[in-house]
Engineer: 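Mind having a look at this structure? Questions to follow.
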Amino acid sequence: MCEPLTGAAKPKFRIYDPNNDITYELGQAELALARLFNGERTLEQVQLLAQERLRAAISLPKLVVFQTRLLQLGLLAYNGQNGGLKRDPATGITYGPLKRFLLVNLVKMNPQRGLDSLYRLAPWLCAPAFNALLLLIVGVALGYLFSQWSQFSLDVMVTYTQSWSWLAWHYPVILSSIAIHELGHALSCRHYRVRVTDFGIGVYTLLATGWVRPEQRTWSALSPGKRAITILMGPVASFYYAAVGIVVWGTTAASSPFHDMGVVMIVASCLSLIPTLLPIFNGDTYLALTEFFNQPRLRQRALRYCRQRLSGNHPEDEKDSRLYWLVSLLTALGWILAWCGIVMMIIHLLS
């Protein structure tokens, strides 16, 4: 799907791949030139058409660079292979092939205007000194929590076993926790001038999930260090949220409903971090591994490789065969654990 991008200083177009929820942005001239690559024309023919139709004199070396870039982004296919090396920095949890049928989108939006406004009003949110101060506060809050661990454990048991009060707080708390987590990623993208094309929160059966998707070309152009910081800011924001929960729990009376809310904030925010930190799910640690191995869409490539081997074909990526088998096995384990978690939650609710 291709549509004009509103609000841009220069004419731009948004190209959306519905199969992967990946978005690209191309300028008007870039899009016109990209459309000349139809899979049959040679570079010389593209060069001639660019001069005739676009009134653009482009050298062959520049066309080679442009073609290579389109291939890397996955906007062109090479030797019949669809997909290309797309970097998909979407956060959230992948539970398997049924996700497209069972995922209910609660929020799905383009947040760029809101991010721009927030960044203009409070650029200090992304300042290293401010975040260092917040991390210090998180450390103090966690230290207090561990010093009161016996009381906290008792409150957790009372909250989750002796009443249903936790259920009233569970989804509002965990969904707001996920929103803060994804906002951490999104603000970091805005700080590094990477447009965010999709911000979403959903529920997969009884489990909540979230994601942020930056525009692919500017994300891929970031240095590895800046991409690592952007990935890290999601879990960091979750720790900020947990620290607020510790303050609420520590400053309210046991009879107060907000005391239960504080307990749920701590438990839910920490539990929601587990899937995104486990590489068997499609969360932040998995994304960090794709950056470390320089293998965008590592899980999809691994599953495709294993399917080809099991069907008797011989894939080209034999040098990464061990990595692909390991990723595929861990992915299957992740699906099993996710479904077991769903079943256990249903049993707990019905018992």
Side-chain angles (χ1 to χ4, degrees), residues 91-93 95 106 131-184 201-210 232-281 283-285 333-334 336-351:
T91 56
I93 306 170
Y95 299 113
L106 300 179
N131 282 276
L133 176 61
L134 289 183
L135 286 173
L136 179 62
I137 294 173
V138 168
V140 172
L142 290 175
Y144 171 76
L145 179 67
F146 289 126
S147 70
Q148 303 293 321
W149 189 255
S150 58
Q151 181 60 50
F152 176 70
S153 301
L154 179 62
D155 286 350
V156 170
M157 184 175 299
V158 170
T159 300
Y160 282 93
T161 63
Q162 296 186 11
S163 72
W164 289 94
S165 61
W166 66 273
L167 196 57
W169 292 113
H170 177 74
Y171 277 108
V173 163
I174 202 164
L175 291 175
S176 59
S177 171
I178 290 173
I180 294 298
H181 179 105
E182 302 306 335
L183 182 61
I201 300 172
V203 175
Y204 180 87
T205 59
L206 295 176
L207 301 176
T209 184
L232 184 62
M233 284 310 298
V236 167
S238 292
F239 279 115
Y240 296 164
Y241 189 90
V244 173
I246 295 171
V247 172
V248 172
W249 170 74
T251 57
T252 54
S255 58
S256 169
F258 293 106
H259 194 76
D260 291 338
M261 185 187 76
V263 171
V264 176
M265 285 180 69
I266 300 168
V267 174
S269 59
C270 291
L271 287 179
S272 65
L273 271 176
I274 294 176
T276 197
L277 294 180
L278 287 176
I280 58 178
F281 296 116
D284 296 333
T285 300
L333 176 62
I336 293 171
L337 289 177
W339 278 105
C340 287
I342 292 170
V343 171
M344 290 176 62
M345 185 178 295
I346 293 174
I347 293 174
H348 177 72
L349 290 174
L350 296 178
S351 61

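Remember, it's a predicted structure, so these values are computed and weren't measured experimentally.
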Engineer: For Y160, what residues pass the ring pair (Phe, Tyr, Trp, His ring centres under 6.0 Å) criterion, not counting sequence neighbours?
Structural biologist: W166
Engineer: Could you give the distance from CE (M233) to CG (L183), rounded to the nearest 0.5 Å?
Structural biologist: 9.5 Å
Engineer: Apply side-chain contact (heavy atoms from CB on, under 4.5 Å) to P235 and list each qualifying residue two or more places apart in sequence or on a separate chain.
Structural biologist: H181, H185, L273, L277, D284
Engineer: Nearest 0.5 Å please: distance from the CG atom of L175 over to the OG atom of S177.
Structural biologist: 9.0 Å
Engineer: Would you please name every residue forming a side-chain contact (heavy atoms from CB on, under 4.5 Å) with L154, sequence neighbours left out?
Structural biologist: Q151, V158
Engineer: State which residues pass side-chain hydrogen bond (donor to acceptor under 3.5 Å, both in side chains) with S269; sequence neighbours excluded, sorted by chain then number.
Structural biologist: none
Engineer: If we count only N and O atoms by modelled type, under 3.5 Å, do the side chains of D155 and W249 hold a donor and an acceptor together?
Structural biologist: yes
Engineer: Are there more than 12 heavy atoms of other residues, nucleotides or ligands under 6.0 Å from atom CZ of F152?
Structural biologist: yes
Engineer: Quick one: CD1 on I137 to CG on L142, what's the gap to the nearest 0.5 Å?
Structural biologist: 12.0 Å
Engineer: Looking only at heavy atoms, what is the nearest atom pair of I266 and A242, with distance?
Structural biologist: CG1-O, 4.1 Å
Engineer: When you compare the side chain of V173 with that of Y241, does any pair of heavy atoms fall below 4.5 Å?
Structural biologist: yes
Engineer: Just to verify, what does S153 make a side-chain hydrogen bond (donor to acceptor under 3.5 Å, both in side chains) with, not counting sequence neighbours?
Structural biologist: W149
Engineer: Could you pull out all residues at least two apart from L278 that satisfy side-chain contact (heavy atoms from CB on, under 4.5 Å)?
Structural biologist: I274, I280, F281
Engineer: Is there a side-chain contact between L135 and Y240 (heavy atoms, below 4.5 Å)?
Structural biologist: yes
Engineer: With rounding to the nearest 0.5 angstrom, report the CD1 to CZ distance, I246 to F146.
Structural biologist: 8.0 Å
Engineer: Nearest 0.5 Å, what's the OG1-CD distance between T276 and E182?
Structural biologist: 7.5 Å
Engineer: Mind checking the CE-CG spacing from M344 to L337? Nearest 0.5 Å is all I need.
Structural biologist: 10.5 Å
Engineer: Search all heavy atoms of A179 against all heavy atoms of I201 and return the closest pair with its distance.
Structural biologist: CB-CD1, 3.6 Å
